[in-house]
Colleague: 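Would you mind keeping the following structure in view while I ask a few things?
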Amino acid sequence: MSVTPSPIAPEFYADDPILVARNLLGAILVHSHPVHGEMRAKIVETEAYRGEEDQACHARAGRTPRTEALYGPPGHAYVYLIYGMYDLFNVVAWPEGQPAGILIRGVEPLEGIDGKTHGPGRLTRAMHINRDYHGVPLWKGNLCIMHGEPIPEKQVRSGPRIGVDYAGNWAQKPWRFWINNNPYVSVKPPKSKS
DNA sequence: GCACGGATTTCC
DNA sequence: GAAATCCGTGCG
């Protein structure tokens with residue numbers, strides 16, 4: 001018999017954002033859209049952004065209207081516009097009052113999805129996730145993250161986050177996680193010596 | 001108010 | 001390699 005999919009409880013996200021990013025690999029993102037129907041995809045790439053001291057995290061500016069959601073209770077969506085064109089989807093992590101988010105950078109389509117889903121801007125477009133979802137809970141409602149098959153440690157890779165070179169030393173922290181050899185990871189790992 | 005630049009993607 | 005294209009943040 002198949003396992004009944006169950007939502008990931010908000011307590012899951014209250015943990016250290018680095019661990020949350022790691023443990024979100026393999027989870028199932030479900031979007032029940034009134035027009036486009038039910039879309040399901042497996043999370044295969046994430047990045048953690050943790051705390052005001054993290055110079056790559058939006059919360060480096062402290063509490064502002066934009067970053068308020070990062071300080072809110074874990075398990076809610078943090079969606080924002082980047083480069084005037086793309087909505088990026090994050091999950092708020094860490095206990096309330098401590099700002100952190102997990103950026104979803106790549107998902108593997110399972111059902112009902114048209115378009116490319118490797119890359120944070122592509123997956124939101126393909127799954128029709130936009131700023132309307134900013135702040136919504138992710139364990140109930142139209143946009144939901146469900147438990148999936150756990151990813152064994154041997155299949156997990158980590159490395160520096162993408163596109164945050166402005167963040168100095170923080171840019172080098174290995175807070176990006178992905179499933180090894182999965183084709184829906186946005187950036188291929190550097191080719192090991194041949 | 002206004003200038004600056006960004007957790008990206010696509011096209012030349 | 002650079003454009004596309006908004007808006008949050010910082011500063012005046």
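Numbers restart at 1 for each chain; the letters A, B, ... are given by sequence-line order, proteins then strands. Keep in mind the model is a prediction, meaning the values are calculated, not measured.
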Colleague: Please report, rounded to the nearest Å, how far the C1' atom of B:dT8 is from the CZ atom of A:R125.
Modeller: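 Taking CZ of A:R125 and C1' of B:dT8, I get 10 Å after rounding.
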Colleague: Now, which nucleotide makes the Watson-Crick or G-U wobble pair with C:dT5, with each of the two distances under 3.5 Å?
Modeller: none
Colleague: Under 4.0 Å, heavy atom to any atom of DNA chain C: which of residues 75-98 of chain A qualify?
Modeller: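 The stretch gives A:L81, A:Y83, A:G84, A:M85 as the residues lying under 4.0 Å from the strand, ordered by number.
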Colleague: Let me confirm one number: the CZ-CG distance from A:R40 to A:L29, rounded to the nearest 0.5 Å.
Modeller: 11.0 Å
Colleague: Is there a Watson-Crick or G-U wobble partner for B:dA7 with both distances under 3.5 Å, and if so, which one is it?
Modeller: none
Colleague: Here's a test for you: under side chain to side chain contact (heavy atoms under 4.5 Å, CB included), which of A:V44, A:N180, A:V107 qualifies with A:V185?
Modeller: A:V44
Colleague: Tell me the interatomic distance from A:H58, atom NE2, to C:dG10, atom P, rounded to whole angstroms.
Modeller: 12 Å
Colleague: B:dT9 C1' sits how many Å from A:I162 CD1, rounded?
Modeller: 14 Å
Colleague: May I have the distance from A:E45 (atom CD) to B:dT8 (atom P), rounded to whole angstrom?
Modeller: 10 Å
Colleague: In Å, rounded to the nearest 0.5 Å, how long is the span from CD1 of A:I129 to NE2 of A:H134?
Modeller: 14.5 Å
Colleague: State the NE2-CG distance between A:H33 and A:N142, to the nearest 0.5 angstrom.
Modeller: 9.0 Å
Colleague: I need the A:Y13 OH to A:I8 CD1 distance, nearest 0.5 Å.
Modeller: 4.0 Å
Colleague: Check the distance between C:dT9's P and A:E68's CD and give it to me in whole angstrom.
Modeller: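 Taking atom P of C:dT9 as the reference, CD of A:E68 is at 11 Å.
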Colleague: Report yes if a side-chain nitrogen or oxygen of A:T64 is closer than 4.0 Å to either non-bridging phosphate oxygen (OP1 or OP2) of C:dT9; otherwise report no.
Modeller: yes
Colleague: What interatomic distance, in whole Å, is found between P of B:dC2 and the corresponding atom of C:dT5?
Modeller: 22 Å
Colleague: For the residue pair A:H147 and A:I28, what are the closest heavy atoms and their distance?
Modeller: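 Smallest interatomic distance, heavy atoms only, reads O-CG1, 4.0 Å.
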Colleague: Is any side-chain N or O of A:R66 closer than 4.0 Å to OP1 or OP2 of C:dG10?
Modeller: no
Colleague: What distance separates A:W170 CH2 from A:W175 CH2, expressed to the nearest 0.5 Å?
Modeller: 5.0 Å
Colleague: Indicate whether OP1 or OP2 belonging to C:dC6 is found under 4.0 Å from a side-chain N or O atom of A:R131.
Modeller: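 For A:R131, the contact criterion (side-chain N or O under 4.0 Å from OP1 or OP2 of C:dC6) is not met.
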Colleague: Taking the side chain of A:R122 as its heavy atoms from C-beta onward, which of C:dT9, B:dT9, B:dA7 lies nearest to it?
Modeller: B:dT9
Colleague: Starting from C1' on B:dT8, measure out to CZ on A:R105 and report it in whole angstrom.
Modeller: 8 Å
Colleague: Quick one: A:L70 CG to B:dA7 C1', roughly how many Å, whole number?
Modeller: 11 Å
Colleague: Rounding to a whole Å, what distance do you find between A:Q172:CD and B:dA7:C1'?
Modeller: 17 Å
